Every structure is written in structure tokens, then in C-alpha cells.
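Single-structure report; data block below.
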Number of protein chains: 2
Amino acid sequence: MVSRRVSMDDIARHLGVSRSTVSFVINDRSDIRIAEETKRRVWEAVSELGYRPHAAARSLASSRTNLLGLVTDIASSPFGGGIITGAQRAAWERGQVLLIVSVDSDASADTAMLEMLLERRVEGLIYATAGHIGVSLPDAASEVPVVLVHCEDVDGRYPSIVPDEEHGGYTATRHLIGQGHRRIALINLDAHFPADGRRSGYERALREAGIDIDPALVVSGSADAGAGYALTQRILRADDPPTALFCGTDRMAMGAYDAAREAGLRIPEDVAVVGYDDQEIVAAYLRPALTTIALPFEEMGAAAVEALNGDMDAFAGSTMRGWLVERASA
Amino acid sequence: MVSRRVSMDDIARHLGVSRSTVSFVINDRSDIRIAEETKRRVWEAVSELGYRPHAAARSLASSRTNLLGLVTDIASSPFGGGIITGAQRAAWERGQVLLIVSVDSDASADTAMLEMLLERRVEGLIYATAGHIGVSLPDAASEVPVVLVHCEDVDGRYPSIVPDEEHGGYTATRHLIGQGHRRIALINLDAHFPADGRRSGYERALREAGIDIDPALVVSGSADAGAGYALTQRILRADDPPTALFCGTDRMAMGAYDAAREAGLRIPEDVAVVGYDDQEIVAAYLRPALTTIALPFEEMGAAAVEALNGDMDAFAGSTMRGWLVERASA
DNA sequence: TTGTAAGCGTTATCAG
DNA sequence: CTGATAACGCTTACAA
């Protein structure tokens with residue numbers, strides 16, 4: 001069917017010019033002046049003969065692959081596909097392509113897959129996770145520039161781009177305070193990185209508003225609906241219960257909804273709720289729809305690509321802000 | 001730092017053998033007999049000198065890239081990352097790599113991205129979508145083998161692998177019948193492909209059980225919680241209301257929960273609910289946890305890779321079965 | 001069983 | 001402004 005792929009030689013021969021000329025035209029090299037007429041003819045022949053450059057040959061000759069490796073556990077998670085989207089968009093704008101490798105969330109990083117990426121000569125490596133966690137990469141990773149997204153290198157070797165959890169916690173709490181609440185509970189998640197920041201932000205907002213921090217209003221548990229339910233139930237039963245809940249994750253908020261409902265409380269009239277993550281499927285469909293903090297996934301993905309392309313240091317330890325998505329629960 | 005990459009020549013020279021010998025050993029070519037001792041020395045040198053094959057050079061020489069293109073809108077969806085996982089696992093087992101390109105769910109297929117994949121010389125193309133829909137691919141796609149996953153080619157040019165919706169509908173309904181229900185409502189979604197099959201399965205199950213199909217119990221709307229809520233509300237108000245609901249999506253089931261709750265009905269005691277999709281975040285965290293039909297995403301992803309590698313026709317129009325995930329709602 | 005040499009399809013370096 | 005010619009790092013007949 002495909003009578004043989006047409007090569008650069010074919011189009012050069014077809015036009016009676018040299019291969020270099022064709023190459024120059026196709027790569028639009030501005031450092032070399034080529035007659036407009038020649039260019040036109042080259043492009044014409046290209047589309048006429050149906051020529052398509054051969055990426056591997058190009059890489060071999062130029063020793064540039066324009067390939068970026070993205071190792072991640074997010075493809076199989078309901079979460080943060082935004083990182084892929086953002087990274088890919090940024091890469092595409094630079095003529096780069098992502099080689100995405102999805103790994104299990106527990107395997108910190110599969111060596112064989114990394115080895116494969118290096119054989120493909122990726123020119124940079126992004127390591128992204130669904131949850132904000134600590135990771136450790138195989139030594140081989142150091143052969144190319146590396147940036148972590150939404151995770152931190154426990155060995156301290158690579159820069160990482162993570163959400164500004166403190167700011168998120170602050171924003172959520174400020175929002176609640178702005179609506180007149182003074183007794184605001186924090187139903188936090190246990191996980192180290194995200195929890196600590198969210199809590200600091202929560203405390204800062206209260207402090208700034210001159211509200212005393214009541215330790216009885218701060219609890220934590222696993223990041224799921226079950227824990228959200230149990231913790232909320234407990235906290236609503238206390239004397240002098242909160243009028244607002246800031247939940248560490250949307251899933252916890254999901255559980256909080258059930259607990260509130262069972263306690264006969266209306267949302268947001270009797271108790272306001274703010275979540276965290278903006279997991280669309282949960283947040284948008286809860287009734288009432290959940291007000292929550294969105295994480296800057298796309299932005300982080302794009303920033304990672306930019307970091308790989310430019311000044312790595314500019315992004316080292318850099319933190320990116322999410323934002324409040326106001327719906328009906330607070 | 002990296003003093004210069006070590007090439008095959010380097011290790012050949014280091015060992016005093018020819019490059020071909022090294023190549024044969026590294027590719028473990030069984031059609032050529034090489035002294036065990038030689039093999040050992042080669043591998044030793046490889047790890048000692050830190051040699052890593054150059055994929056592009058290899059592709060150029062062998063005209064095999066071992067690259068498969070995966071164009072999809074699922075990366076940015078909460079859905080079906082399983083397709084990626086399954087496809088990648090199957091590809092990896094064959095020494096192949098996926099070049100994943102994520103596109104917006106509305107763009108049926110971006111031509112520029114496809115062009116890029118073809119320049120990279122992908123040896124096959126998988127086009128996968130989050131929802132079971134109809135799509136149309138650019139002509140250029142036909143230059144390589146193509147399989148669609150979870151979608152169907154409206155132009156009828158390519159085979160596709162889709163879930164067996166009829167079987168899913170049948171399974172869900174059978175389950176409800178098995179629990180003694182006879183008045184089972186179908187809160188279906190509107191979308192063409194998935195809805196029709198689920199409905200046929202529902203009807204077949206009823207027919208087989210000798211239960212009359214009551215048109216008043218079959219309704220449909222958009223695939224979200226809002227519609228699920230409204231439709232359920234309406235159907236529960238009818239005289240002789242159903243004792244069980246089979247919802248076209250988990251999100252619709254989410255809405256159904258709210259409607260049932262507001263009607264003062266307990267799940268599953270007063271009304272049983274079965275969903276569809278097994279969107280973990282919804283299904284597992286609803287209270288009570290939702291019994292639902294899981295779609296065979298990983299299986300479809302893997303099947304696509306296999307189809308691309310072998311007999312395409314064996315998979316043409318092939319349909320894969322999902323399964324019931326029994327939780328607490330029915 | 002191992003070596004030689006000719007590509008694979010580009011880019012890059014120099015002359016012209 | 002254009003054209004030879006040598007890489008790029010590997011696979012693969014074909015010889016030895």
C-alpha cells in the first residue's frame with residue numbers, strides 16, 4: 001500500500017536541489033538565506049509527495065530528541081490529570097513531546113521504566129504524584145534534569161513544585177471568617193505534607209482575625225469520607241459546636257455532609273463546609289455543591305516543563321497557589 | 001560531568017571484538033550463536049562502562065520504533081485512567097512504549113498531534129475516550145493500524161473495543177431480581193451508545209424473569225447527579241413506585257440517593273440502588289456504598305495493544321464484559 | 001562464531 | 001545562497 005516512505009532525498013531529487021537545501025527549508029533555519037522561490041518549491045514538493053520527517057533520524061543527527069519523560073501515578077488516579085494536561089501543553093508549545101510512564105502509586109519509581117526513558121534519550125524528567133508526598137528516585141535519574149511535581153525528594157537532590165498548602169488553608173479559612181463564622185473546625189487529613197501547611201494557614205487566618213484557636217476544633221484522620229463522617233460526628237456533638245467546617249479533602253467533606261445531615265443540620269445554614277482539592281466529581285455533585293480549594297495542577301505541570309527548559313533554580317522549592325472555588329456550601 | 005556517552009563502538013573496542021558481536025549479544029539474538037564467554041564479557045563491559053543503547057539509532061537502523069500512539073481525552077477526565085494502565089502494561093510486556101497525547105474531549109482528534117505521532121513513527125494508534133461515544137479520525141490515521149477503545153468510528157473505518165453495555169445492564173438488573181425485586185426502575189442516561197445497550201440488557205433480564213416491562217419505570221436524562229435526583233424524585237412519587245433503581249451512571253445514583261433520602265426512604269431497605277461505572281470515588285464513598293457495574297477499562301486497554309500487535313480482525317467490533325461490584329446499596 | 005561494510009534518514013560543516 | 005560529504009549510533013547482510 002504505502003509504496004515506500006518518501007525521504008528527504010526523494011524530494012531533493014524531485015526538485016533537482018541538494019538535500020541540505022531541503023533540510024534548511026524544512027527546519028526554517030533563519031541563519032541561512034534561501035531564495036523564497038526555492039522555499040516555495042520545497043514546501044510544494046513536500047506536500048505533493050507526502051513527505052514526513054523521520055523523528056528518529058533527526059534525533060540521531062542532531063542529538064536532540066525533544067522528548068521529556070513524565071513518570072507518574074496520576075494516570076490511574078482520579079486526581080490531577082491536570083498535571084499531564086498542563087505539562088503537555090507547555091511541552092507542545094516548545095515542540096517537545098512527553099513520554100508518559102504510569103507507575104503504581106506505591107512504587108516510588110520503577111528503575112526499569114526509568115532506564116527505558118533514558119534509552120529513549122529523554123532530555124528531562126518530571127516525576128509527578130497524585131498526592132502530596134515524599135519520594136525517592138533511583139540514582140540513574142540524575143543523568144538528566146529532574147523536577148518533581150506535587151511531591152518532594154526525600155533525598156533532597158531535586159527541586160520540586162508543590163502547591164502552597166499554607167495559602168490554601170489560609171484562603172479557605174478566610175472565606176469562612178468572611179462569612180461571619182468564628183467557630184471554625186478543621187477536619188484535617190493525616191498525611192504529613194499537605195496537612196501541616198493547611199493547618200498553618202488555618203491558624204494564621206484565625207490569628208489575623210483575632211479568633212482564638214480552640215484545639216478541640218482541630219481533628220484529623222485519613223483522607224476519606226469515612227473519617228470525615230466520624231470526625232464530624234464527634235465534633236458536632238461537642239458542647240459549643242462549630243458553625244463551619246474546613247475539611248482537609250473533598251472526600252472528607254463528603255463524609256461531613258452525611259454527619260451534618262444526620263445531626264439534622266442544614267448546609268450551609270446551620271453549618272458551612274469548605275473542602276479541599278476540588279475533585280469535580282465530588283465537589284460539583286454534592287448537594288449542596290461544595291465550596292472548595294482547587295489545586296493548581298495544570299499550572300504545576302506547565303511550570304515543570306518550563307523549569308526543565310530554563311533555569312531550574314528559578315523553580316527550586318517553588319510553591320504554587322491554588323484558589324477558592326465558591327459553590328453553595330459556604 | 002558525563003564525560004561523553006559510551007557507544008557500542010566503545011565497548012567493542014574495549015573488548016577487542018567487533019561491533020556486530022556486541023550488537024548480537026545485546027539484542028540476545030537467538031539465530032546467531034555466540035560463545036557464552038563472549039556474552040559474559042560483553043555484559044560485563046556494558047555495566048562497567050555504563051553503556052546504554054540509543055533508541056533513536058536503533059530505530060533508524062532497524063526501522064522499528066516500538067512506539068504506540070495513544071490519543072485520548074481520559075487523562076484529563078476522572079475516568080478510565082485504567083485504559084492507560086492496561087495499555088501500558090501490555091505494551092511494556094512486548095517491549096513497546098506508549099506515546100500518550102491527551103486531547104480535549106470535544107476535539108475529535110487533533111491533526112497536528114497525529115502528525116507528530118506519525119513523525120515519531122508510531123507503529124500503531126489507539127484512540128481512547130472517557131465516554132462511550134462516536135468519533136471521527138483524520139485521514140492520516142490510516143497510515144498505521146488503528147484501534148478505538150471505548151468509542152466507535154462513525155466512518156466505520158476502524159475496529160473498536162467497547163464495553164458490553166447490554167451485558168452490564170443485564171447483570172445489574174439480574175442482581176436486583178435475584179434479591180427479590182420485581183418493580184425495578186431504569187434511571188438511564190441519554191447518551192446514545194451506552195444507554196441503548198444498558199436498556200436492552202435491563203429488558204432482557206426482566207423478560208427472562210417473566211416480569212412485565214413497565215414503561216413508566218424507564219426514564220432517562222443527562223448523566224449527572226442533578227438528573228439522577230430529579231428523575232428519581234419523579235419516579236418515587238408515582239403510584240406503585242419501584243422498590244429498586246438501576247441507575248445509568250454512578251453520578252446519577254448519587255442524585256438518586258439524595259432523592260430517596262428526602263423521600264424518607266432507606267437504602268437498601270426501602271429502595272435498592274445499583275449504579276454503573278464504578279467510579280471509585282463516588283461508589284465507594286457514598287453511604288451506603290454503592291453496588292455498581294465496573295467497566296473493563298484495563299482489559300480494553302490491554303486488548304487494544306494486543307490487537308495492534310496481532311490479528312486486528314480478531315478484535316474488530318469486539319465487546320468486553322464488565323462485572324458487578326457488590327457493596328451495600330443492593 | 002566473529003568481523004566487515006553498507007546502510008537507516010537526518011543534520012552539520014565546509015567549500016563553492 | 002547552494003551543494004558535497006562526513007558524521008550520528010546502531011542493525012544486518014555477507015564474508016571469513
Side-chain angles (χ1 to χ4, degrees), chain A residues 2 4-43 45-46 49-67 95 116 118-123, chain B residues 2 4-43 45-46 49-67 95 116 118-123:
Chain A
V2 182
R4 196 180 71 78
R5 284 232 147 90
V6 3
S7 74
M8 212 170 218
D9 268 324
D10 295 323
I11 103 136
R13 213 172 303 127
H14 179 81
L15 254 36
V17 301
S18 79
R19 197 172 49 220
S20 343
T21 302
V22 178
S23 173
F24 293 150
V25 172
I26 283 180
N27 294 328
D28 194 24
R29 294 201 24 179
S30 50
D31 53 334
I32 292 176
R33 306 219 57 80
I34 301 241
E36 282 308 322
E37 172 61 9
T38 308
K39 287 189 186 174
R40 208 189 44 66
R41 291 179 57 223
V42 168
W43 283 119
V46 162
L49 303 193
Y51 166 70
R52 189 169 1 243
H54 190 302
R58 217 198 274 247
S59 303
L60 188 55
S62 65
S63 53
R64 294 265 304 135
T65 58
N66 288 311
L67 229 43
M116 176 279 281
L118 292 173
E119 287 189 6
R120 297 268 172 186
R121 296 298 188 270
V122 294
E123 300 175 335
Chain B
V2 181
R4 194 178 73 76
R5 284 231 145 91
V6 1
S7 75
M8 211 170 219
D9 269 324
D10 295 323
I11 104 138
R13 213 172 304 127
H14 178 81
L15 254 37
V17 302
S18 80
R19 198 172 48 215
S20 354
T21 302
V22 177
S23 172
F24 293 151
V25 172
I26 283 180
N27 294 330
D28 193 25
R29 293 200 27 177
S30 50
D31 53 333
I32 292 177
R33 308 218 56 80
I34 300 238
E36 282 308 322
E37 171 61 10
T38 308
K39 288 189 186 173
R40 209 188 44 66
R41 291 178 57 222
V42 168
W43 284 119
V46 163
L49 303 193
Y51 166 69
R52 187 168 2 242
H54 190 302
R58 214 198 276 246
S59 303
L60 188 55
S62 65
S63 53
R64 294 266 303 137
T65 59
N66 288 311
L67 229 42
M116 177 278 282
L118 292 173
E119 286 191 6
R120 297 267 171 187
R121 295 298 189 270
V122 293
E123 298 175 336

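Quick note on labels: first sequence line is chain A, next is B, and so on, each numbered from 1. Reckoned from all heavy atoms, side chains included, excluding hydrogens, waters and symmetry mates. Keep in mind the model is a prediction, meaning the values are calculated, not measured.
For Asn27(A), counting side-chain heavy atoms from C-beta on, the closest listed nucleotide (dT2(C), dT11(C), dT10(C)) is dT11(C). Of all nucleotides listed (dG3(C), dG9(D), dT10(C)), dT10(C) comes nearest to the side chain of Ser7(A).
Atom-to-atom, CG of Asp28(A) to P of dT10(C) comes out at 17 Å; the value is rounded to the nearest Å. Atom C1' of nucleotide dT10(C) and atom NE2 of His54(B) are separated by 12 Å, given to the nearest angstrom. Going from atom CG of Leu60(A) over to atom C1' of dC8(D) covers 4 Å, rounded to whole Å. The distance from atom CD of Glu37(B) to atom P of dT1(C) is 14 Å, rounded to the nearest whole Å. Counting to the nearest Å, the C1' atom of dT11(D) and the CZ atom of Phe24(B) are 8 Å from each other. Rounded to whole angstrom, the span from the CE atom of Met8(A) across to the C1' atom of dC8(C) amounts to 14 Å. As rounded to whole Å, 10 Å separates atom C1' of dT11(D) from atom CD1 of Ile32(B). Between the C1' atom of dC8(D) and the CG atom of Asp9(B) lies a distance of 11 Å, rounded to the nearest Å.
Counting only distance, with no hydrogens or angles, the side chain of Ser59(A) and the backbone of Ala56(B) share no donor-acceptor pair below 3.5 Å.
Remark: Ser18(A) is in phosphate contact with dG3(D), judged by side-chain N or O atoms under 4.0 Å from OP1 or OP2. Distances shorter than 4.0 Å separate none of the side-chain N or O atoms of Arg58(B) from OP1 or OP2 on dC10(D). Between Ser23(B) and dC10(D) there is no side-chain polar atom (N or O) within less than 4.0 angstrom of OP1 or OP2.
Residue Arg120(A) comes nearest to Leu67(A) through the heavy atom pair O-CD2, 3.6 Å, listed as atom of the first residue, atom of the second, then distance.
Remark: of the listed residues Pro53(B), Ser23(B), Ser20(B), Ser23(B) is the sole one forming a side chain to side chain contact (heavy atoms under 4.5 Å, CB included) with Met8(B). No option in Arg40(A), Arg41(A), Lys39(A) other than Arg40(A) meets the side-chain hydrogen bond (donor to acceptor under 3.5 Å, both in side chains) test with Glu37(A).
Ser59(B) comes within contact range of no nucleotide atom at all, as no heavy-atom separation falls under 4.0 Å. Looking at heavy-atom distances under 4.0 Å, Arg121(B) makes no contact with the nucleic acid at all. When heavy atoms are screened at a 4.0 angstrom cut-off, Arg64(B) is found touching no nucleic acid atom at all. Note on Ser62(B): only backbone sugar-phosphate atoms sit closer than 4.0 angstrom, heavy atoms only; bases stay farther off.
Counting atom types as modelled, Thr21(B) pairs no side-chain N or O with a base atom of dT1(C) as donor and acceptor under 3.5 Å. Judged by atom type and distance alone, Arg19(B) reaches the base of dT11(D) through a side-chain donor-acceptor pair under 3.5 Å.
Side-chain contact, Arg58(A) with Asn27(A): a donor N or O sits under 3.5 Å from an acceptor N or O.
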